[in-house]
Structure formats: C-alpha cells, structure tokens
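All values derive from a computational prediction rather than experimental measurement.
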Amino acid sequence: MSLPVIALTGTFIGMVLAVQSYNQLKGFYLETRMGALINLSLVRELGPVLAATMLAGRIGSSMAAELGTMRVTEQIDALGSMGVNPIHYLVVPRFLACVLLIPVLTIFADFMGIVGGAYFSIGVFHIDWHFYVTNSNKIVGELDIFIGIFKSLFFGATIGLIGCHRGFNSRPGAQGVGRAATEAFVFSFVVILLLDLALGIVFESVSDLIFTPMPRQL
C-alpha cells in the first residue's frame, strides 16, 4: 500500500531536481551533465531519505497508533497473561518488515525519480538523450547505489524501533495514542537525518582510506 506514495514522491523529486538543475547548469553550458547530477543525488541521498521520511509518516505512525491502542485497551497485557511474549509477537515482525522491505521501496523510489528526471530533462528541456545517459553512467556507479540501499537498512530499523517503542509506551486515552503516533514520526524523522549525516561521514572516510580520492568529473 506504500507503493503509490513512494512512486509519487520519487517521480516529483526527480522532476524538481531536473527543473532546478537545468536553471543552474544552463548558465555554465552544462545542461548535458544533468543526468549525472540528478541520478547521483537521487541514489545516494534524496531517494533513501525521502522514501524513509514518507514511510515514517505512513508506517511508523501507524504502528505506534496500533500498538498504542493495544496498550490502552490492555490487549498487550492480555498477551502477557497468556504466556505470549509481546515483543516477539508484536515487535519483531514489524521490525523485520521495515528492515527488509524499505530497501525495496527505496529502489523503487530511486527508479521513479530517475524516470521523472529523465522525462523532464529529455522531453521538456530537450536535452540530448545520448549525452544524458552517457554522462550519468560515467558518474553514478554501483557503489553509489549500494550506499543508498545500505542507508535505507538503518532508516528502516529506526522507523520500526521508534514506532514500536512509542506505541508500547503510549499514554492512556485517545490523546495518548495520537501523541504516540505524532512522536513516532517526529522522532523517526530527526533520527533519520542524523543517521544520514553520520553514515555520509563514515562512507566518505572509509572510501578515502580504501580508494584513491578522485574528484568526480562532471
């Protein structure tokens, strides 16, 4: 059910990047390099972060509200009284679903963003498709795609853990459940941004140690 949201987000982000990149690069006569700039930004940063943000609002808050309702109505206590571990029964499946499926949704968001950016660049701004694709292939490599997908694993774990934690610790009443859902999204969003910064610094440091630092030739 998250596919339509992810598809719209990825497509419009790609289009926005195309519009902004064209206006900036046109002054330097670098329009044919738009594919490299758009696709690199999508697969390394914007695709994983924006997909995780949308899923934190849709999935994280939903999990917090559902578990919060179960806490308020004492369903979680009932599971414990029957000898069922609530963490194993309620949290582990949601956590694994977030960790395993959010990378797939991130790949889908990247794909739709690339399609949206290519449509605007080639169809609207009339950039030569050969230069658009060739320059993109020169700049965007397998490592860039891997970094974006690897980040999404941490983002998915963050959404699952925070959503379940806020639901399990929901305050009584309808107001408490609503507040738990809001806190799940806000906390997840902040942690996702912090993780993105930390992982970006780590990846750059590791790549400088393993590979010879070379500037990307746009």
Side-chain angles (χ1 to χ4, degrees), residues 1-62 98 101-156 158-159 185-186 188-197 199-200 203 215-218:
M1 298 301 294
S2 299
L3 284 176
V5 177
I6 294 298
L8 285 174
T9 303
T11 302
F12 282 108
I13 288 301
M15 292 180 177
V16 171
L17 282 175
V19 173
Q20 297 298 327
S21 301
Y22 181 78
N23 291 331
Q24 298 298 322
L25 296 178
K26 183 179 180 181
F28 299 96
Y29 303 100
L30 295 174
E31 301 96 317
T32 56
R33 271 65 172 180
M34 285 176 57
L37 180 61
I38 293 171
N39 296 337
L40 183 64
S41 301
L42 278 170
V43 299
R44 283 187 69 111
E45 295 295 336
L46 293 179
V49 171
L50 291 175
T53 301
M54 296 301 298
L55 292 170
R58 189 183 185 280
I59 303 300
S61 58
S62 175
C98 289
L101 293 182
I102 286 182
V104 179
L105 294 173
T106 299
I107 295 174
F108 186 67
D110 292 341
F111 172 76
M112 295 304 298
I114 291 171
V115 171
Y119 168 76
F120 243 73
S121 300
I122 299 173
V124 177
F125 296 129
H126 306 293
I127 306 299
D128 188 275
W129 70 270
H130 173 74
F131 292 108
Y132 185 91
V133 174
T134 301
N135 290 323
S136 178
N137 290 335
K138 288 181 180 178
I139 300 300
V140 182
E142 292 81 1
L143 180 62
D144 300 309
I145 299 173
F146 170 78
I147 288 174
I149 297 174
F150 188 75
K151 285 181 179 180
S152 66
L153 293 172
F154 290 88
F155 299 159
T158 297
I159 294 170
F185 170 69
V186 174
S188 297
F189 179 67
V190 173
V191 174
I192 285 169
L193 293 180
L194 293 175
L195 279 175
D196 184 52
L197 174 62
L199 291 172
F203 280 127
R216 297 179 186 265
Q217 298 294 330
L218 287 177

State, yes or no, whether a side-chain contact exists between [X] and [Y] at a heavy-atom distance under 4.5 Å.
| X | Y | value |
| --- | --- | --- |
| L143 | F203 | no |
| K151 | L195 | no |
| V19 | F125 | yes |

When rounded to the nearest 0.5 angstrom, what distance separates [atom1] in [X] from [atom2] in [Y]?
| X | Y | atom1 | atom2 | value |
| --- | --- | --- | --- | --- |
| L194 | L199 | CG | CG | 10.5 Å |
| R33 | K138 | CZ | NZ | 7.5 Å |
| I122 | M34 | CD1 | CE | 9.5 Å |
| Y22 | I38 | OH | CD1 | 12.0 Å |
| F155 | D196 | CZ | CG | 4.5 Å |
| T106 | I145 | OG1 | CD1 | 13.0 Å |

Give every donor-acceptor pair under 3.5 Å between a side-chain atom in residues 51-60 and any protein atom, sequence neighbours left out.
residue	atom	partner	partner atom	Å
T53	OG1	V49	O	2.8
R58	NH1	S2	OG	3.3

Shortest non-hydrogen contact from S121 toward G117:
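So the two residues come closest at OG-O, 2.8 Å.
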Q.
If you compare all heavy atoms of G156 against all heavy atoms of C98, which two are closest, and at what distance to 0.1 Å?
A.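 The pair with the smallest heavy-atom distance is O-CB, 3.2 Å.
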Checklist line | D144 side chain to V43 backbone, donor-acceptor under 3.5 Å | finding: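 Not at all, since once roles are kept as given, no pair shorter than 3.5 Å links the two residues.
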If only atom types and distance count, is the side chain of T134 paired as donor or acceptor with the main-chain N or O of F131 below 3.5 Å?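 Flag not set: sc T134 to bb F131 has no pair under 3.5 Å.
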TODO: List for me each residue that meets side-chain hydrogen bond (donor to acceptor under 3.5 Å, both in side chains) alongside N39, sequence neighbours excluded, and say none if there are none.
DONE: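 Partners of N39 under the side-chain hydrogen bond (donor to acceptor under 3.5 Å, both in side chains) test: S136.
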List the residues meeting side-chain hydrogen bond (donor to acceptor under 3.5 Å, both in side chains) with Q20, not counting sequence neighbours, and say none if there are none.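 With sequence neighbours excluded, Q20 shows a side-chain hydrogen bond (donor to acceptor under 3.5 Å, both in side chains) to no residue whatsoever.
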Among all residues two or more places apart in sequence or in another chain, which pass the side-chain contact (heavy atoms from CB on, under 4.5 Å) test with [X]?
| X | value |
| --- | --- |
| V186 | T182 |
| H126 | none |
| V115 | F111 |
| S61 | A181 |

* To do: Quick one: which residue pairs count as a salt bridge (Lys or Arg N to Asp or Glu O under 4.0 Å) with a foot in residues 4-17, not counting sequence neighbours?
  =>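 Qualifying pairs, neighbours excluded: none.
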**Report entry** Residues in ring-ring contact (aromatic ring centres under 6.0 Å, His included) contact with F108, at least two apart in sequence or another chain
**Finding:**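 Listed in chain order: nothing, the list is empty.
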query: ring-ring contact (aromatic ring centres under 6.0 Å, His included) with F146: which residues, sequence neighbours excluded?
result: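 Only F150 meet the ring-ring contact (aromatic ring centres under 6.0 Å, His included) criterion with F146.
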Worksheet entry | Name of the residue among I102, V190, L153, V191 meeting side-chain contact (heavy atoms from CB on, under 4.5 Å) with T158 |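 That would be V191; it is the only one of I102, V190, L153, V191 passing the side-chain contact (heavy atoms from CB on, under 4.5 Å) with T158.
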| More than 12 heavy atoms of other residues, nucleotides or ligands under 6.0 Å from CZ of F189: is that the case? |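 Open.
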Return all side-chain donor-acceptor pairs below 3.5 angstrom for residues 5-17, not counting sequence neighbours, or 'none' if the list is empty.
residue	atom	partner	partner atom	Å
T9	OG1	V5	O	2.8
T11	OG1	A7	O	2.7

Keeping to residues at least two apart or across chains, list the ring pair (Phe, Tyr, Trp, His ring centres under 6.0 Å) pairs with something in residues 31-57.
->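 Matches after skipping sequence neighbours: none remain.
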